[in-house]
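Notes follow the structure.
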Amino acid sequence: VKGSNGQLYHEPLLIQDEAEYIDSLKKVIKEDMNPIAKEVKEAGADFIFISIPKKDVVMSEDLPSTYIRGEKDYLKYVEIIRKAKSDDVELIDAYEVFKRRNKENVDVFYQTDHHLNIHGGYYLFEELVEITNEDGKKIELGSLKDEYIVEKRVVNGSYNRKIGQLIKSKPEDLVLIPKNKNIEYVRYDYGKESKYPIFGTGDTYASAYMGSDFAETYVNSSNNDAPNILYVGSSYTNVLESLSVYKYNRMVSIDYRHNP
């Protein structure tokens, strides 16, 4: 869907049987997520569930007037999650985080892509650091501009690729160059040492953050006094994974879509 100011969106999310969807949502939370979170808590770790809404929910100002808005439904489903989850689950609602942290009202998604941009990703990362700092291992985190040199690129977005590069987009903040040159790390993909960059210099989200999606990645850094962090998710966590390498001791990522 093409909105104003060259913004591209996915088609609206339409749920045919809402009662069935809500029942399945509650079942997954109570039978799967809550028991796993209990085990994680008993092992001495935090279980954090991040809910990231679609771009149209957060950046609705450029949507066409005929677009079926998803904000009301998203907020309803997040409230269901909030009530069904146990106390062992720490919920981060990205919608709420953006409203609270985004004081300058900057875009949090790329213009022609479905992923969070570095600003949206950094707001979530700040939230994660606050939660994991409660474990006693303190992470010092400055602002995005304090930690990185940020370079702009014309982003080759996934939506734009699907429509033959119809949109001539503007350069956006994409490439990060860490200012801390003292951090050393070794990366492994599928158990083998890997040379894929943590921060790349290409023009896509994938090339900028972690290089691509892998079933298993772990990175050991020289942040020996920092906590460890494990991500289980999709490409939406790639930006968080890249940021974590420079702040956490070990960063592990699991993406079940790519299991061999």
Exam field: side chain [X] to backbone [Y], donor-acceptor pair closer than 3.5 Å:
X: Ser242; Y: Ile198; result: yes
X: Thr132; Y: Leu128; result: yes
X: Arg187; Y: Pro197; result: yes
X: Lys55; Y: Tyr110; result: yes

Please find the pair of heavy atoms, one from [X] and one from [Y], that lie closest to each other, and give the distance.
X: Asn249; Y: Ala226; answer: CB-O, 3.2 Å
X: Tyr236; Y: Ile52; answer: CB-CD1, 4.1 Å
X: His10; Y: Tyr159; answer: CB-OH, 3.3 Å
X: Leu124; Y: Leu240; answer: CB-CD2, 4.0 Å
X: Ser169; Y: Thr112; answer: CB-CG2, 4.0 Å
X: Ser235; Y: His115; answer: OG-NE2, 2.7 Å

Any salt bridge linking [X] with [Y]? Criterion: basic side-chain nitrogen under 4.0 Å from a carboxylate oxygen.
X: Lys152; Y: Asp173; value: yes
X: Lys170; Y: Glu172; value: no
X: Arg257; Y: Asp213; value: yes
X: Lys26; Y: Glu79; value: no

Could you tell me if the side chain of [Y] sits less than 4.5 Å from the side chain of [X], heavy atoms only?
X: Asn102; Y: Val108; result: yes
X: Asp107; Y: His119; result: no
X: Leu176; Y: Tyr209; result: yes
X: Ser253; Y: Met210; result: no
X: Tyr95; Y: Val57; result: yes
X: Glu39; Y: Ile36; result: no
X: Leu141; Y: Lys247; result: yes
X: Asn180; Y: Glu147; result: no

Look up atom [atom1] in [X] and atom [atom2] in [Y], then write down how far apart they are to the nearest 0.5 Å.
X: Glu127; Y: Phe98; atom1: CD; atom2: CZ; result: 10.0 Å
X: Glu126; Y: Leu144; atom1: CD; atom2: CG; result: 8.5 Å
X: Asp203; Y: Leu174; atom1: CG; atom2: CG; result: 8.0 Å
X: Gln7; Y: Phe109; atom1: CD; atom2: CZ; result: 11.0 Å
X: Ile118; Y: Phe125; atom1: CD1; atom2: CZ; result: 9.5 Å
X: Tyr246; Y: Ser221; atom1: OH; atom2: OG; result: 10.0 Å

Apply side chain to side chain donor-acceptor pair (under 3.5 Å) to [X] and list each qualifying residue two or more places apart in sequence or on a separate chain.
X: Ser158; value: Asp113, His114
X: Thr237; value: Glu241
X: Lys76; value: Glu18
X: Tyr231; value: Ser244

According to ring-ring contact (aromatic ring centres under 6.0 Å, His included), does anything in residues 14-37 pair up with another residue at least two apart or in another chain? List the pairs.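 ring-ring contact (aromatic ring centres under 6.0 Å, His included) check on residues 14-37 returns Tyr21-Tyr77.
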If you draw a 6.0 Å radius around [atom1] in [X], do more than 12 non-hydrogen atoms from other residues or ligands fall strictly inside?
X: Glu193; atom1: CD; answer: yes
X: Lys38; atom1: NZ; answer: no
X: Asp225; atom1: CG; answer: no

Intermediate values then yes/no, salt bridge (charged side-chain N to carboxylate O under 4.0 Å, His left out), Glu151 and Arg153: CA-CA 7 Å; Glu151 294 186 352; Arg153 295 286 190 277; 3.3 Å; yes
Who are the side-chain contact (heavy atoms from CB on, under 4.5 Å) partners of Ser143, not counting sequence neighbours?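 Ser143 satisfies side-chain contact (heavy atoms from CB on, under 4.5 Å) with Lys145, Asp146 only.
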According to side-chain contact (heavy atoms from CB on, under 4.5 Å), who are the partners of Ile68, at least two apart in sequence or on a separate chain?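 Ile68 satisfies side-chain contact (heavy atoms from CB on, under 4.5 Å) with Pro12, Leu14 once adjacent residues are dropped.
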Show the numbers, then the answer: is there a side chain to side chain donor-acceptor pair (under 3.5 Å) between Ser51 and Asp93? CA-CA 5 Å; Ser51 176; Asp93 172 16; 4.7 Å; no
Residues sharing Ile254's hydrophobic cluster, by side-chain heavy-atom contacts under 4.5 Å among ILVMFWY, directly or via others?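 Cluster partners of Ile254: Val186, Tyr188, Tyr218, Leu230, Val232, Val252, Tyr256.
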With ILVMFWY side chains joined below 4.5 Å, transitively, what does Val28's cluster contain besides itself?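 Taking Ile, Leu, Val, Met, Phe, Trp and Tyr as members, Val28 stands alone, with no cluster partners.
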May I have the step-by-step check of side-chain contact (heavy atoms from CB on, under 4.5 Å) for Val239 and Tyr205, ending in yes or no? CA-CA 8 Å; Val239 63; Tyr205 172 88; 3.7 Å; yes
In terms of the angle between their ring planes, are Tyr190 and Phe214 parallel, tilted or perpendicular, with boundaries placed at 30° and 60°?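 Taking Phe214 first and then Tyr190, their aromatic rings stand perpendicular (interplane angle over 60°).
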What class does the angle between the rings of Tyr67 and Tyr9 fall in, given that below 30° is parallel, 30 to 60° is tilted and above 60° is perpendicular?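 The rings of Tyr67 and Tyr9 sit tilted, inter-plane angle from 30° to 60°.
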Any chain of hydrophobic side-chain contacts (each under 4.5 Å) joining [X] to [Y]?
X: Leu166; Y: Val1; result: no
X: Met59; Y: Leu8; result: no
X: Phe49; Y: Ile29; result: yes
X: Ile167; Y: Val154; result: no

Tyr185: which residues meet the ring pair (Phe, Tyr, Trp, His ring centres under 6.0 Å) condition with it, sequence neighbours left out?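 None.
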side-chain hydrogen bond (donor to acceptor under 3.5 Å, both in side chains) partner of Arg250, chosen from Asn224, Asn223, Asn220: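 Testing Arg250 for a side-chain hydrogen bond (donor to acceptor under 3.5 Å, both in side chains) against Asn224, Asn223, Asn220 leaves exactly one candidate, Asn220.
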Side chains of residues 80-91: which donor-acceptor pairs under 3.5 Å do they make with residues two or more places apart or in other chains?
from: Lys85; atom 1: NZ; to: Val89; atom 2: O; distance (Å): 2.8
from: Ser86; atom 1: OG; to: Asp88; atom 2: N; distance (Å): 3.3

Lys30: salt bridge (Lys or Arg N to Asp or Glu O under 4.0 Å) partners, not counting sequence neighbours: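 In terms of salt bridge (Lys or Arg N to Asp or Glu O under 4.0 Å), with neighbours along the sequence ignored, Lys30 is linked to no residue.
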The test is side chain to side chain donor-acceptor pair (under 3.5 Å); show your working for Asn5 and Glu61 and say whether it passes. CA-CA 10 Å; Asn5 298 315; Glu61 60 274 7; over 6 Å; no
